[in-house]
Amino acid sequence: MDFSKFRTTGELSDITVIVEGNDFKLHKFPLYAKSEFFCKLAKNTPSESGRVELTDFPGGDEVFGLVADFCYNMKIETTKDNIVPLRCAAELLQMTGSANLIEVSDKFIQDTITSAKMSRSSSVVASMLRSCVSMSSLAESCGIVSSCSDALVECWLKPPTKFSSPTNSKKQGGDKSIKSLLLIPFDWFLKLFTSARDRGVRHSHLAELMTQFISNIIEQEEKEEKNNNKTESLTSTLSPRDSGSNVGKSKLDIGHIIDSIVLEIPEDALYDDAVTMDWITKVLRIATGHGCACRRLLVKAAGEMLNRLSAEDLCIVSPSLLHDIVLETCNENGQTEKASNIVDTYMSEMVRKGVLTAETYKLLATALPSDAKTNQDHMYTILEYVLSSETDNLNDEQRQELISTIDFKLVTEETLQRALTTNIVPAVHIAQGALSLCSKLRTELESVKRLNQKQDEEIKKYQKHQNSSKSRSSGLSSRKDDSLTLSDLDYLEPTKEKPSSVQMLSDTLNTSKEDSFLSGPRTKISESKSPYQFRSLAAPEHDGTQDDESYQYERGFRNLDNSRSKQRSLGYGYRPTYSYSGRY
C-alpha cells in the first residue's frame, strides 16, 4: 500500500511530532513499523493528545522530514552533507533492522569513505567529521567519529600524487582537510593526532596540524579575552560578581591544549618549515605565562631555527625570548659557541639599526657563560656604542654593570688602544687589560727562548757528532790493509745520502773472509783428478783463441779475483762499473 499521499496531505493523522516548533502530522503505524523509539514511547508514556515533542533532534526539522519520508517508504536523497545527521537521527529513533535507515546510512557512509580513500580526498572525510560536532555523543556512539578519523589517517599515509601534493595544496591556500578539523573538539583532535603519529604520518603534516590547530585556539582565546573585557567594562557598575565569573577558564584550557599537543609531536617535526619563528614566539609567550612543560622543547626548536634566519629576520625575536633561547642552548653540550654567535649577530644588527638599548645589551650579555668567548673585541665594540648612545640615561652604577660584562683580559692591543683614545671606559680597566697582555707576551717570549735554546743544543750536538764521524772516516780510509776491528765498525753509522764507510769496510772484510773460505776447496779441486784443468789465477790473460770448457771456468775465477784485488789496492771507495761477463 502506498502511504506517500497520507504523508503529503496529513489525512487521518493520529500523532503529531513537534521538532523546532514545526508540527508534523503523521500516522502511528508507519512510525511504529520503522522506529523502536516511537514504539517504546507509546507503551511507556501514552499520550491522549497524540503530541510528541523532540528536542535537540540531529539536523533539526529538515532531517526529521527526511526520516518521516523514509518511514512512509518514500525515496530520500542522501548526500555527504546530510548523511551524518541522518545517521544520528536513525540512531536516536532506533531504526534498526534489515533495509532500515541505520543500515542504509551506514552503507552510504562506508561507500563515501572508501571513495575518499581511493581518491585521497581527505577534505570530504574531514567535512563529515566536522558535521559530527553538533551531535557529538550520538556520532561517537554510532562509530562515525572513529571511522572518519581512521579514514583521514589512511588518506595522509598514502603518497601524494600530482593532484594531491603538498605543493599544490599550499598554492591553493593549504590543506582543506586541516581547516575543517580546526573546529572539532580537542579530545577528538588529540586522538586523531596521536593516531597519525603512531601510524607514521609525515612529520610535515603533523607540524601543519599542530600549528594551525594551536593558532586557531589562540585566536579564539584572544577574542574571548576582548569580549570579556568589553563585558566587564559594561557590567562593572551593575554586577561586578558576574563580570569575573568566566575569567581564567579559557586561560587554563589553552595551556593544557598546548602542552598536550606539543609533548605528543615527534621532536623532529618541530624543525619543519611549517613551524615558523612567529608561531614559536606567540606560543612561547603563552606557554611561559601558563608554566607549560613543553616550553623547553619550544625554546630548543627556536634556537635551531635562529641559525637559519638572516640577521634582519633575527630582530623580530624579542630580547626576553632570545635570552631564554641562549640559556637553553648553552645548557646543551657543545652549544656555547652557537649561542655566542647568535647573540653577536642579534646585537650587531640592532646596532646597525640604531635600536640597541642598555637593558637589551645587559640581558643578552649576561645570558652567556663567562667562558663563551676567547676574544671580546666585538663585544667591546657593541658596549662602546651602548655607552656612547645612552650617556645621559645611565648613572655610574649602571655604567659599571655594563662595563663588567667585558673581560679586558680577552681583548687585543688595538682594542685597548681604542678604549684609551675614546676615554669611555675607566683607565683602570684598560690598565688591567694591558698588564694581562704584557704577562701573556712575557710568557710567550720565555717559551720561545726555551725553544730556541733547545734547538741550539740539538744543533751543537749534531755538529759535534758530524765532526767526529768525519775524523773517524778519514782515519779508516787511509788504511791499506785488513786490520779493521769490530769496534771501528760499531762506532761508525751509515748515512742515508750515500754509501757509508762502514758498508765499504764490511764488504772488504767479507771479501777477505770469502777468499780464505774458498782457498781450501780450490786446492782440493786442483789436486783431484778432474776432467777439467784449472789454470793458475796468476797466469796471463787468455788471448781468446781457445774456446774449451777449461777456459770458461778459468775466465770466471780470474775476473772475480781481479776485482777483489783491485778493491784491496784501491781502498773501500772503489766500485767496479762493469758487470761480470763470465760465460756459464
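All heavy atoms count here, side chains included; hydrogens, waters and symmetry mates do not. Heads up: numbering here begins at 1 and tracks the sequence.
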Nearest 0.5 angstrom please: [X] [atom1] to [Y] [atom2], how far?
| X | Y | atom1 | atom2 | value |
| --- | --- | --- | --- | --- |
| I265 | T194 | CD1 | OG1 | 12.0 Å |
| L93 | S35 | CG | OG | 4.5 Å |
| I217 | I258 | CD1 | CD1 | 9.0 Å |
| L41 | Q94 | CG | CD | 10.5 Å |
| E384 | I406 | CD | CD1 | 10.5 Å |
| L129 | I144 | CG | CD1 | 10.0 Å |

Consider only side-chain N and O atoms of [X] and [Y], and report whether a donor and an acceptor are under 3.5 Å apart.
| X | Y | result |
| --- | --- | --- |
| Y361 | T405 | yes |
| Q220 | E224 | no |
| S149 | S146 | no |
| Y271 | H203 | no |
| S121 | S119 | yes |

May I ask you to decide if [Y]'s main-chain N or O and [X]'s side chain share a donor-acceptor pair within less than 3.5 Å?
| X | Y | result |
| --- | --- | --- |
| T211 | A207 | yes |
| T112 | F108 | yes |
| R51 | I15 | no |
| S180 | A126 | no |
| D259 | C294 | yes |
| S195 | K191 | no |
| T276 | W279 | yes |
| N82 | E77 | yes |
| S340 | E337 | no |
| T114 | D111 | no |

(request) Check the pair E359 / K362 against salt bridge (charged side-chain N to carboxylate O under 4.0 Å, His left out), numbers first and verdict last. (result) CA-CA 5 Å; E359 182 180 1; K362 180 182 177 182; over 6 Å; no
Does a side-chain heavy-atom distance below 4.5 Å link [X] with [Y]?
| X | Y | result |
| --- | --- | --- |
| L152 | L181 | yes |
| V17 | K25 | no |
| M277 | L321 | yes |
| K117 | I113 | yes |
| H378 | S348 | yes |
| W188 | S136 | yes |
| P85 | F57 | no |
| L206 | E264 | no |

(message) If you apply the rule side chain to side chain contact (heavy atoms under 4.5 Å, CB included), what do you find for I18 with F24, and how did you get there?
(response) CA-CA 6 Å; I18 304 170; F24 290 86; over 6 Å; no
(request) Go through the steps to decide whether I109 and S147 satisfy the test side chain to side chain contact (heavy atoms under 4.5 Å, CB included), and finish with yes or no. (result) CA-CA 9 Å; I109 291 174; S147 298; 5.5 Å; no
Heavy-atom closest contact ([X] atom, [Y] atom, distance):
| X | Y | answer |
| --- | --- | --- |
| Y346 | S318 | OH-C, 4.1 Å |
| E390 | L356 | OE2-O, 4.2 Å |
| I342 | G303 | CD1-O, 4.2 Å |
| S260 | L190 | O-CD1, 3.9 Å |
| A367 | L327 | O-CD2, 3.5 Å |
| L54 | F64 | CD1-CE1, 3.7 Å |

Would you find more than 12 non-hydrogen atoms of other residues, nucleotides or ligands less than 6.0 Å from [X] atom [atom1]?
| X | atom1 | result |
| --- | --- | --- |
| K353 | NZ | yes |
| E62 | CD | no |
| D56 | CG | no |

(request) Starting from the C-alpha separation in whole Å, work towards a yes-or-no answer on salt bridge (charged side-chain N to carboxylate O under 4.0 Å, His left out) for E222 and K282. (result) CA-CA 12 Å; E222 291 175 349; K282 185 187 301 183; 5.8 Å; no
(request) Could you tell me how the ring of H205 sits relative to the ring of W156: parallel (under 30°), tilted (30 to 60°) or perpendicular (over 60°)? (result)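 H205 and W156: tilted rings.
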(message) Strictly below 4.0 Å, N to O, side chains only: are K338 and E304 in salt-bridge contact?
(response) yes
(message) Strictly below 4.0 Å, N to O, side chains only: are E103 and K107 in salt-bridge contact?
(response) no
(request) Given side chain to side chain contact (heavy atoms under 4.5 Å, CB included), test V326 with L368 step by step and report yes or no. (result) CA-CA 7 Å; V326 170; L368 293 171; 3.8 Å; yes
(message) Working note: I257 + F213, criterion side chain to side chain contact (heavy atoms under 4.5 Å, CB included); need CA distance, chi angles, decisive distance, verdict.
(response) CA-CA 10 Å; I257 289 172; F213 189 85; 4.3 Å; yes
(message) In this structure, is the centre-to-centre distance between the rings of F38 and Y32 below 6.0 Å?
(response) no
(request) Quick one: list whatever passes side chain to side chain donor-acceptor pair (under 3.5 Å) with S134, sequence neighbours left out. (result) none
(message) Just to verify, which of D344, V343, D407, L410 counts as forming a side chain to side chain contact (heavy atoms under 4.5 Å, CB included) with K373?
(response) D344
(request) Applying salt bridge (charged side-chain N to carboxylate O under 4.0 Å, His left out), run through D69 and K75 and close with a yes or a no. (result) CA-CA 7 Å; D69 292 343; K75 185 178 180 180; over 6 Å; no
(request) Test side-chain hydrogen bond (donor to acceptor under 3.5 Å, both in side chains) on D278 and T281 and set out the steps. (result) CA-CA 5 Å; D278 291 338; T281 303; 5.4 Å; no
